[in-house]
Every structure is written in C-alpha cells, then in structure tokens.
Amino acid sequence: MFPGGFPSALASYSRSPGWCYHRRPAAAALSSAMLCLVAACSLLWTPIAAVALHPSMARRSSSVNSRQVPMSAAETLVGYDEFVRTNPMTDRFHVKSFHHVELYCADASSAAGRFAHALGLRAVARSDGSTGNQACTSLCMQSGDVRMVFTAPNVPVERDADACQTPGFDRATALSFLEKHGGLAVRAVCMEVDDAAFAFARCVEGGGTPVLEPRWMTDSRAHENEETPRAGCTVAEVQLYGDVVLRLLSFDDGYSGAHLPGYAQLPVPSSSVEGRYGITRFDHIVGNVWELMPSIRRLKAMTGFHEFAEFTAEDVGTVDSGLNSMVLACNSELVLLPLNEPTYGTRRRSQIETYLIANGGEGVQHIALKTDDIFSTVAAMRSATPTGGFCMMDPPSDDYYTELPARIGDALEPWQFEKAQELGLLVDRDDQGILIQVFTRPVGDRPTLFLEIIQRVGCMVPSDNESQEHLVQKPGCGGFGKGNFKELFKSVELFERSLDGE
C-alpha cells in the first residue's frame, strides 16, 4: 500500500533487465537543476506559491528543520496494533467495485502505448474524431477487470460540448489540470454502483461537492429509425480530493459496450481481454492529502464507507520521515481507498509532503494492481523495462531475505523464497494471510504517481452470491505490508536523495 522500493545492494541486479541504473552524480545534479527549472515554470503557469497549495501551509516554515507537527490525525489514530477491524455496513448507496481509473495526459496514444507495453494491457475502446468526439482523444486499456483510460485534449473546435462522450471533460479544465499536475495524473477514480443518480444525491446530501450532475449517456451513433433507445449508462461525479473526482457509474440492463457509450470497440487479438501479464483487478487506490482526518470525516459522511485499517508514523516511519494513514472501505470491501498525510518535525521532508508539492496539491499517489501470479507478472514487467517499460524500485538487502523466513514462517515454499529474492519482491503476513508486493518508480516525469503490483494468498471464504462450494478471497488479505514499511521508506528516501543530487 505504501510507497516502496529498495536500497541498491544486489550488484548482480544492476545490469539485469528490469532494473534501472542510478543517475551518476553529474547527471543527478543536472536532473535537480532541471527539476528546479520546471518548478519555476510551473509557478509562472499557475501563479500560486507553495503556501497557497493548502491553507495549513501558511502555518509551516519553509525550513525543513523548523517544520512543526500540525494538529492532525495523531490525536485520533490508535495505530496498527490497537486498531480493531469491524464492518458496520454503513454505505449510503450500493457499491459494486472499482470500474476504471481515468488519467489525463498530454498525448493519449503515447501514454496508453507505454502502459500497454509495461503492464500487458490491451486496447479495447477508443473515442476520438472518428467516433464524433472532436474535443479529446480517449483510449481504454484493459487487463482482467482493470480498465485504465487515457484522455488528452485535442485542438479547439467550434462544436457542441456534448460531442465529447468522455464524462465531465472540459478542454480548459483538462489543460489547467495538466499544467498543474504534470503530463500524466489521475483525474477520476470510478466506482460502479447500482444507481449513479441516487448515489450522487446521497453523496451531496452527505456534504460532498458536486462536480458533474447525473448524466445519461448512450451511443450517439445509434440509428435514427430505432424505436427503442439503446442501452446506456448514467454517470455523475463528486470531488474525491484535490482535483481528483469520484466518478459514479451505473449501466442500463442490456448494455454491452467495451467501455462507455461513444467509445468504439477495438478488435481484440483473442476472445477475452485478459492481460498478457496477468493483472486481474484494482486492489486499492491511494490518495495523498494535506490533512487526514478532515478528509476522512468528509468522505465517510459522503459515502458511508467505514475504517478498514490505520497506521501512524510509529508504525511506518523512519528517523528521517513518516506519515499517518487510514484505509476506507465500502460494505463489500472491494473498494479500498487509503489516504495518507505527511508528518513533520523529522530530519527530512516527508515523502507525502514531497508528493504534494511536486503534484501541485492533493491527488492519487499510487494504484495497486492485483495479480494471481506475481512471479510471472513481475518477470514480464521487468523484461519490458529496457524497451520503455516501467522501472522498479531497487531490491532490498541480502539481510532482508535472510531474515524473511523467521518473520513469515513457512508461508512460502523454498522455490518461492528464491524467486522473491530474484525478482526483488517484498513479503509480509498478518493473522489471516500472505501479502507479496513490489513497487515501480514514478511512471511520469514528476516524482508523483507510481504503481504497486500485489498478490494476496489465503483468506478464502464462501461467496455470498454463489453456492457454498464457490470460494472467494477476502479483500485486504495479508494486510498492507506493515512489516516492510521501514525498508520501503528507506529506499524511497534514497531515491529522493538521488533526485536532489545527493
């Protein structure tokens, strides 16, 4: 769940496919200078100072050594060991699952192509000028139940805004979003619900900020002589955090499109959309916010979601930095939304604060993608790295793997221990199951959005919707890697130092 990576200790990996070289000192210094130039340009594009990112920043000194601990979640959170998980079933509307994540980008085809190569996604639907959408280009990429939509604004056209079938898209808003958050950032986290209009009303009643009123969408290319309108969907949006929206989506009975109405279905090489690398679904989607508890209270009032897990700086921090975190979940716990806030008073700026500054405010920090065979998935991802795929964080030390059997027992077979070390995977367990995870480095130019690949083992229970013979895995099985946190933080700190030319 948390940002991760590893110190560069295994020299044999430094030249292997899937491992990225560290910058040389001169290159790092140049990179740092370029980052400063980009930051200066950003201030020219969007005339806000760091203090303006959030009101609480006005209370904070610009000096790292003089930062003060704000009145925050530390007064409320009890920490991992004292937290007791319950499910009060308090959702204000019925939530099915994550449906898709939409990322705004400068060029949809290029971004989608890189993610396809890096993650084994397939292009399943497209909306652009060929489908009557002159406002933007949008590509839906899929693997299993994971849908990642890449949307980029097109040149201005004098046409009705409704010609754009991408929900909530506005060219000026999109350009401002990209200017503020960089050339690749999450704009929408979409949940499929029973009734999007009802869910929207409940969110607003609970204090949510409306962004897009409920809108029914159908394929505008339907034949005019059809007596019965084609099945479509209803979509609405409320603010999640920062400039990220929570998209609410419900489909009419009989809808069979590859994505949303207005998107043309693309030919798929096989009879399914199973990804080539084995990624199956979204596990959780993590946001970074300036202050945790106000955001938690707002989202709970808006959605009815309950607290699923929590962590404090004592659970996950190092002497150099830390965070506070809480995970919210829907009734089924298939939608998990962790939120992090920075802590202060440490020797270095918190990794969460670093993100908030680089991102121009609150936003999605990382997306956790679930696989049923992490060894095959990560091996495929690493093989794609030298040809434009994603770089993984460096592996942990030899000592980490030497101590691992004592920490997790016989949870893995001997060959799995060896494979985990070969691929640089992290392993942890809780009282219910096993977690195996690994993290990419940031996937864009800014040190912001990254990905987590995750496999959960165990926690099989009878399905509520099937016969007792059909078993499903409990969400969150194996936890979120608490046993790996300090190792992860150390590696992220090393990576951030490399960006600073240290």
Side-chain angles (χ1 to χ4, degrees), residues 1-4 68-91 283-301 303-346 350-353 365-366 368 403 406-409 411 426-435 437 452 454 456-459 461 474-490 492:
M1 162 181 164
F2 291 95
Q68 301 297 314
V69 179
M71 300 293 287
S72 185
E75 299 179 354
T76 306
L77 300 181
V78 298
Y80 176 82
D81 292 334
E82 299 298 323
F83 181 81
V84 178
R85 183 180 298 173
T86 60
N87 186 347
M89 305 293 285
T90 51
D91 285 2
D283 187 89
H284 56 274
I285 298 174
V286 184
N288 285 348
V289 298
W290 285 111
E291 294 179 291
L292 180 62
M293 293 315 297
S295 297
I296 290 293
R297 288 191 289 268
R298 177 176 59 83
L299 292 179
K300 288 177 66 177
T303 64
F305 286 9
H306 63 275
E307 299 170 13
F308 185 82
E310 67 175 54
F311 307 90
T312 64
E314 287 72 23
D315 295 317
V316 304
T318 69
V319 68
D320 284 331
S321 65
L323 60 77
N324 295 314
S325 181
M326 181 177 286
V327 184
L328 293 182
C330 66
N331 283 354
S332 69
E333 299 179 338
L334 290 173
V335 171
L336 298 175
L337 295 174
L339 274 73
N340 303 327
E341 73 166 1
T343 55
Y344 302 91
T346 50
S350 164
Q351 299 152 27
I352 307 305
E353 187 180 2
Q365 180 212 44
H366 80 266
E403 298 166 0
R407 187 160 59 82
I408 68 169
L426 293 166
V427 186
D428 196 31
R429 72 180 306 168
D430 64 7
D431 59 347
Q432 299 183 30
I434 308 300
L435 170 76
Q437 61 186 161
E452 175 184 359
I454 190 170
R456 301 185 183 276
V457 182
C459 313
V461 296
K474 290 177 62 177
C477 176
F480 294 93
K482 178 181 179 294
N484 298 322
F485 291 164
K486 292 188 185 299
E487 188 81 19
L488 299 175
F489 267 54
K490 291 176 183 177
V492 173

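For the numbers below, each heavy atom of this structure counts, side chains included, while hydrogens, waters and symmetry mates do not. None of these values were measured; they are calculated from a predicted model.
Contact record, Tyr344 with Glu353: CE2-OE1, 3.2 Å, taken as the closest heavy-atom pair. Heavy atoms only, all atoms of each residue included: Cys330 and Asp91 are closest at CB-OD2, 3.3 Å. The heavy-atom pair separating Leu336 from Ala329 by the smallest distance is CD2-CB, 3.5 Å. When all heavy atoms of Pro475 and Ser332 are compared, the pair lying nearest together is CG-O, 3.7 Å. Ser325 and Leu323 get closest at one heavy-atom pair: CB-CD1, 3.7 Å.
Residues Glu341 and Ile352 are not in side-chain contact: their nearest non-hydrogen atoms beyond the backbone lie 4.5 Å or more apart. By the 4.5 Å heavy-atom criterion applied to side chains, Val286 and Asn340 are counted as neighbours. Using a 4.5 Å cut-off on side-chain heavy atoms (C-beta onward), Leu299 and Leu339 make contact. For the pair Leu77 and Leu292, the minimum side-chain heavy-atom distance is below 4.5 Å. Side-chain contact between Ile454 and His284 is present, with heavy atoms from C-beta onward closer than 4.5 Å. Contact check for Met326 versus Phe311: no side-chain heavy atoms found under the 4.5 Å cut-off.
The cationic atom of Arg298 (NZ for Lys, CZ for Arg) does not lie both less than 6.0 Å from the six-membered ring centre of Phe305 and within 45° of the ring axis.
From Lys300, atom NZ reaches atom CE of Met293 across 7.0 Å, with rounding to the nearest 0.5 Å. Taken from NE2 in His306 to CG in Asn331, the straight-line distance is 7.0 Å, to the nearest 0.5 Å. One finds the OG atom of Ser295 at 10.0 Å from the CG atom of Leu328 (value rounded to the nearest 0.5 Å). Distance CG/Asp430 to CZ/Arg85: 7.0 Å, rounded to 0.5 Å. In this structure, the separation between OG on Ser350 and CG on Asn324 is 9.0 Å, given to the nearest 0.5 Å. In this structure, the separation between SG on Cys477 and CG on Leu435 is 8.5 Å, given to the nearest 0.5 Å.
Here the side chain of Arg456 pairs a donor or acceptor atom with the backbone of Gly479 at under 3.5 angstrom. Asp428 places no side-chain N or O within donor-acceptor distance of the main-chain N or O of Gly478, the cut-off being under 3.5 Å.
A salt bridge is defined here as a Lys NZ or Arg NE, NH1 or NH2 lying under 4.0 Å from an Asp or Glu carboxylate O, and Glu333 with Lys474 fails to meet this definition.
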Item to complete: Mind running side chain to side chain contact (heavy atoms under 4.5 Å, CB included) on Val327 and Phe83 for me, showing each step along the way?
Response: CA-CA 12 Å; Val327 184; Phe83 181 81; over 6 Å; no
